[in-house]
Amino acid sequence: MPDVRDGLRDGLRAALEGAGVVGAPVELAIERPRDPSHGEWSSNVALVAAKAARRPPRELAEEIVARLGAEPPPHVVAVEAAGPGFVNFRLAPSWLHEVLAEVIAAGVDAYARSDAGAGRTVSVEFVSANPTGPLHAGHGRWAAYGDSLCRLLEHCGYRVTREFYVNDRGRQIDLFAASLAARRRGAEPPEDGYHGEYVAEWAAEMPDGADARQWGIERARRDQADTLAAMNVAFDLYTSESELVARGAMGEVLHELGSRAVVYEHDGAQWLRTGEFGDSADRVLVKSDSEPTYFLPDIAYHHEKSSRNELVIDVLGADHHGYVPRMRAALAALGHGDEDYEALVGQNVTLRRGGVEVRLSKRAGNMVLVSELLDEVGPDVTRLVYLLQSIDTTQTIDIDVVSAQSAENPVYYLQYAHARIHSLGRQAEARGVQRAPLDEVDLTVLVHERELDVLRVLAGLPDTVAAAMRARAPHQVAAWARELAAAFHRFWHDCPILRDDVREDLRQARLWLVEATRIGLAVALAILGVSAPERL
RNA sequence: GCCCUCGUAGCUCAGUGGAUAGAGCAUCGGUCUCCUAAACCGUGUGCGCAGGUUCGAUUCCUGCCGGGGGCACCA
């Protein structure tokens, strides 16, 4: 896809050479200045090349400007040296008309795509909630985040497998089964068991003679799968811990580690030398009672994932951050490359209702389920709310605000833009207005600042998507969508389209501008996994 | 005690090694005989504190203070 910066970069390189700066390893950044009065694009060439050139940056900038002025790159109407030595470009609106044509040509399927991933395989594990209960609002964050991250990676040319690991054996399961069985016979669950209301509800559903463990796991998994489906999240691969163990993966990986001489015995237990691979201590693989710790099957699973993927990503909650060094160490001990494993640790979610914080606990009463959020506000709002914020900060979801049918709800701003676009389509149809083919439309009539602002935002989507992918930060796409919505609302307010007093050529160009906006919004929403209503 | 993470406007949050740090909400005041006013326009003494690296730090590093999370032969 053509990029206006290519021409600017070529021009800058030539000017730099003309100025006698040769061979300097210059990181040539061309960015949008924060202050629009500094032009459309700005480069720091002179600042970074000054040292190699042994000249003051401002002076170097002046010379570059003089040389560029003599032979300006495409669309450039003025080049200026500014500040400590920036080179600023002023461009004709034609560069934005080109952007509009590109967006339309690419369409929803192709705009802002890249092949940065080059078809590399990546496994992304997320949610992986224990099959001991429904998904709570905290899990919802990882469901929304993990799935959108996958969409981002796919958009950038990775081959993604969405993975869910089911811890269906071990102590938690024992407790869950015991709790279920106890409720079934009308007794209290064990002290350290599961006391949530759902346990009693599920126990009431349980058929006579059913095995509480097996039935309970299935019940929990079905509940979680329903919730995930309602959130528009679909996993490619569920891996059951007990099946993994049953097929001998645990013994195999233990043998593999043993053959690499990184396992030793101490106090009757078998330890892995994770301390030698960057962890703060060695870890137990097999306890002195011969029972494996949870860690061993986990290693087996990660070994397997690493063997069938070029990159392995785990999405984890903050409470699991301590787990990262040991898994990283175990994978290193198994000979996997350090860069091929990524653990993304996000902060927790808290809920607020009626002005008070609701703690997310598996203990009864105040647990807020994803399914409740879904019931209250629907899947789109639920996902969008999760994705509006970086996972690096603890998120407080105010249920009253999120469920409010008012402007206070941050989701509506975005949805309203979408609804307006579709409303325009309905209006146009009702009035018999049709878009002429793009190559018959004169886009150069788009010179209103509101129109150009929309195009400027649209021009930024490919960069935004690429950056969001690299940063593993889908919320950046959400932020971009809000920017686009804002630009669109302002355009809408100032630039009528269907009104009788609008010239036909301008109307046509604006209709295409709206179509490009629709495409940009659709691309962003697809990455977020959100669909927007066609009317509010 | 050790480790991770966050600290930006009244609130909820974006943001960048650069030139005057943004958006929504809230406040106050404007804008519909006109494609959706859930919109638009105006209204703001904010990067926790102190050092360091850099031509330039809110951004990177160190320390401190404050919030959250974690430190098992539990998972």
Side-chain angles (χ1 to χ4, degrees), chain A residues 29 31 33-35 37-38 42 44 47-48 50-51 56-58 82-86 88 130 132 167 169-173 175 192 241 266-271 280-281 283-295 297-298 317-325 345-348 350 352 388-398 401 404-417 419-428 430-431 433 450 475-476 478-480 482-483 485-486 488-502 507 510 514 535-536:
Chain A
E31 293 171 328
R34 197 144 49 194
D35 184 340
S37 75
H38 293 138
S42 173
N44 63 350
L47 289 160
V48 290
K51 204 167 248 176
R58 177 72 194 216
F86 291 102
N88 294 338
N130 288 348
T132 55
N167 289 99
R169 59 185 284 282
R171 183 174 157 72
Q172 294 306 314
I173 293 295
L175 284 169
D192 48 358
E241 181 184 348
H266 177 70
D267 286 348
Q270 300 202 56
W271 297 69
S280 56
R283 307 290 167 182
V284 173
L285 296 175
V286 182
K287 297 186 273 184
S288 50
D289 63 2
S290 301
E291 279 298 307
T293 62
Y294 81 97
F295 190 33
D298 252 22
D319 54 339
H320 281 78
H321 91 268
Y323 155 105
V324 176
V345 178
Q347 301 303 304
N348 293 331
T350 58
R352 189 158 38 205
L388 284 173
Q389 197 171 325
S390 157
I391 61 159
D392 290 338
T393 55
T394 53
Q395 179 171 36
T396 304
I397 296 179
D398 190 322
V401 168
Q405 300 275 320
S406 78
E408 232 186 306
N409 193 325
V411 169
Y412 283 114
Y413 191 73
L414 199 49
Q415 295 196 322
Y416 189 44
R420 276 182 152 175
I421 290 171
H422 285 270
S423 163
L424 183 80
R426 290 189 295 269
Q427 279 292 328
R431 298 178 187 211
V433 175
R450 297 310 197 199
H475 80 276
Q476 293 180 357
W480 178 88
R482 288 218 269 185
E483 249 183 74
F488 180 73
H489 284 309
R490 286 193 275 267
F491 156 75
W492 180 276
H493 187 266
D494 290 353
C495 302
I497 300 164
L498 299 178
R499 256 168 37 185
D500 295 339
D501 56 342
V502 179
R507 171 178 300 137
R510 283 179 175 168
V514 172
R535 53 183 92 218
L536 280 188

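Scope of the values below: all heavy atoms of this structure, side chains included, with no hydrogens, waters or symmetry mates. Order of the sequence lines fixes the chain letters, A, B, ..., with proteins taken first and strands second; residue numbering starts at 1 for each chain. Here the structure is a predicted model, which means the values were calculated and not measured.
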Which atom pairs link the protein and nucleotides 39-49 of chain B when you take only N or O atoms and keep those under 3.5 Å?
{"unit_1": "A39(B)", "atom_1": "O2'", "unit_2": "Arg420(A)", "atom_2": "NH1", "d": "2.9"}
{"unit_1": "C40(B)", "atom_1": "OP1", "unit_2": "Tyr413(A)", "atom_2": "OH", "d": "2.5"}
{"unit_1": "C40(B)", "atom_1": "O2'", "unit_2": "His493(A)", "atom_2": "ND1", "d": "3.0"}
{"unit_1": "C41(B)", "atom_1": "OP1", "unit_2": "Arg450(A)", "atom_2": "NH2", "d": "3.4"}

> Does Glu291(A) offer a backbone N or O that forms a donor-acceptor pair with the side chain of Asp289(A) under 3.5 Å?
Replying inline: yes
> Heavy atoms under 4.0 Å, any strand shown: does Pro33(A) hit a base, just sugar-phosphate, or nothing?
Replying inline: base
> When you check the glycosidic angle of C32(B), does it come out syn, meaning within 90° of 0, or anti?
Replying inline: syn
> Can you find a side chain N or O atom of Gln389(A) that sits less than 4.0 Å from OP1 or OP2 on C13(B)?
Replying inline: yes
> For the pair made of CZ in Arg426(A) and P in C35(B), what is the distance, rounded to whole Å?
Replying inline: 14 Å
> Side-chain contact, heavy-atom cut-off 4.5 Å: Ile397(A) with Gln389(A)?
Replying inline: no
> Base, sugar-phosphate, or nothing for His38(A), non-hydrogen atoms under 4.0 angstrom?
Replying inline: base
>> For a 4.5 angstrom cut-off between non-hydrogen side-chain atoms, does Asp192(A) reach Leu175(A)?
In response: yes
> What is the nucleic acid contact for Ala479(A), judged by heavy atoms within less than 4.0 Å: base, sugar-phosphate only, or nothing?
Replying inline: sugar-phosphate
> Mind checking whether Arg171(A) and Tyr294(A) have side chains closer than 4.5 Å, heavy atoms only?
Replying inline: no
> Is a side-chain N or O of Arg58(A) found less than 3.5 angstrom from the main chain of Gly83(A), in a donor-acceptor match?
Replying inline: yes
>> Can you list everything that forms a salt bridge (charged side-chain N to carboxylate O under 4.0 Å, His left out) with Arg507(A)? Sequence neighbours excluded, please.
In response: Glu504(A)
> Considering all heavy atoms of both residues, which atom of Ser42(A) and which atom of Phe86(A) are nearest to each other, and what is their separation?
Replying inline: OG-CD2, 3.8 Å
> Is the backbone N or O of Arg420(A) less than 3.5 Å from a side-chain atom of Trp492(A), with the two atoms forming a donor-acceptor pair by type?
Replying inline: no
> Does the side chain of Thr393(A) get closer than 4.0 angstrom to OP1 or OP2 of A14(B) through an N or O atom?
Replying inline: yes
> Along nucleotides 70-75 of chain B, 5' to 3', which nucleotides get a B, which get an S, and which get a -, given that the test is a protein heavy-atom distance under 4.0 Å?
Replying inline: S--BSB
> Within the structure shown, what part of the strands sits under 4.0 Å from Ser423(A) by heavy-atom distance: base, sugar-phosphate, or nothing?
Replying inline: base
> How is Leu47(A) classified with respect to the nucleic acid when contacts are heavy atoms under 4.0 Å: base, sugar-phosphate, or nothing?
Replying inline: base
>> Just to be sure I follow the notation: if a pair is Watson-Crick (purine N1 to pyrimidine N3 plus N6-O4 or O6-N4) or a G-U wobble (N1-O2 and O6-N3), each under 3.5 Å, what dot-bracket string does RNA chain B give, with | for pairs to another strand?
In response: (((((((..((((....[...))))..((((.......)))).....(((((..]....))))))))))))....
>> With rounding to the nearest 0.5 angstrom, report the OG1 to CG distance, Thr396(A) to Asn348(A).
In response: 10.5 Å
> On a whole-Å scale, what distance lies between the C1' atoms belonging to G17(B) and A75(B)?
Replying inline: 42 Å
>> Rounded to whole Å, please give me the gap between NE2 in His475(A) and P in G24(B).
In response: 17 Å
>> Taking salt bridge (charged side-chain N to carboxylate O under 4.0 Å, His left out) as the definition, give me every residue that meets it alongside Arg431(A), ordered by chain and number, with sequence neighbours left out.
In response: none
> Where does the angle between the aromatic ring planes of His320(A) and Tyr323(A) fall among parallel (under 30°), tilted (30 to 60°) and perpendicular (over 60°)?
Replying inline: perpendicular
>> What's Gln476(A) touching, base or sugar-phosphate or nothing? Going by heavy atoms closer than 4.0 Å.
In response: sugar-phosphate
> With a non-hydrogen cut-off below 4.0 angstrom, is Thr396(A) in contact with a base, only sugar-phosphate, or nothing?
Replying inline: sugar-phosphate
>> According to side-chain contact (heavy atoms from CB on, under 4.5 Å), who are the partners of Trp480(A), at least two apart in sequence or on a separate chain?
In response: Val457(A), Leu458(A), Leu461(A), Thr464(A), Leu484(A), Ala524(A)
> Once you round it to whole Å, what is the distance between C1' of G69(B) and CG of Asp392(A)?
Replying inline: 14 Å
>> Categorize Ser390(A) for me: base, sugar-phosphate, or nothing, with a 4.0 angstrom heavy-atom threshold over every strand shown.
In response: sugar-phosphate
> Do any N or O atoms from the side chain of Arg510(A) and from the backbone of Pro496(A) form a donor-acceptor pair under 3.5 angstrom?
Replying inline: yes
>> What's the gap between G63(B) and G70(B) when it is taken at their C1' atoms, as a whole Å value?
In response: 22 Å
> Expressed in whole Å, how much space separates the C1' atoms belonging to G15(B) and U20(B)?
Replying inline: 16 Å
>> When you measure only distances, ignoring hydrogens and angles, does the side chain of Arg499(A) come within 3.5 Å of the base of C34(B) through a donor and an acceptor?
In response: yes
> In whole angstrom, what separates Asp35(A)'s CG from A21(B)'s P?
Replying inline: 10 Å
> Expressed in whole Å, how much space separates the P atoms belonging to A23(B) and C41(B)?
Replying inline: 10 Å
> Roughly, in whole Å, what's the span from CZ in Arg510(A) to C1' in C34(B)?
Replying inline: 14 Å
> Between Asn348(A) (CG) and U5(B) (C1'), how many Å, whole number?
Replying inline: 10 Å
> Considering heavy-atom distances to RNA chain B, does Asn88(A) or His422(A) have its closest nucleotide positioned more toward the 5' end?
Replying inline: Asn88(A)
> Taking atom C1' in both A39(B) and G52(B), what distance in whole Å separates the two?
Replying inline: 48 Å
>> Distance check, P atoms only: C47(B) and U54(B), in whole angstrom units.
In response: 26 Å
> Between Leu424(A) (CG) and C34(B) (C1'), how many Å, whole number?
Replying inline: 14 Å
>> What is the separation between atom CZ on Arg482(A) and atom C1' on C25(B), rounded to the nearest whole Å?
In response: 10 Å
> How far does the C1' atom of C55(B) sit from the matching atom of G48(B), given to the nearest Å?
Replying inline: 28 Å
> Distance between the P atoms of G46(B) and A9(B), in whole angstroms?
Replying inline: 10 Å
> Does a side-chain heavy-atom distance below 4.5 Å link Asp267(A) with Ser288(A)?
Replying inline: no
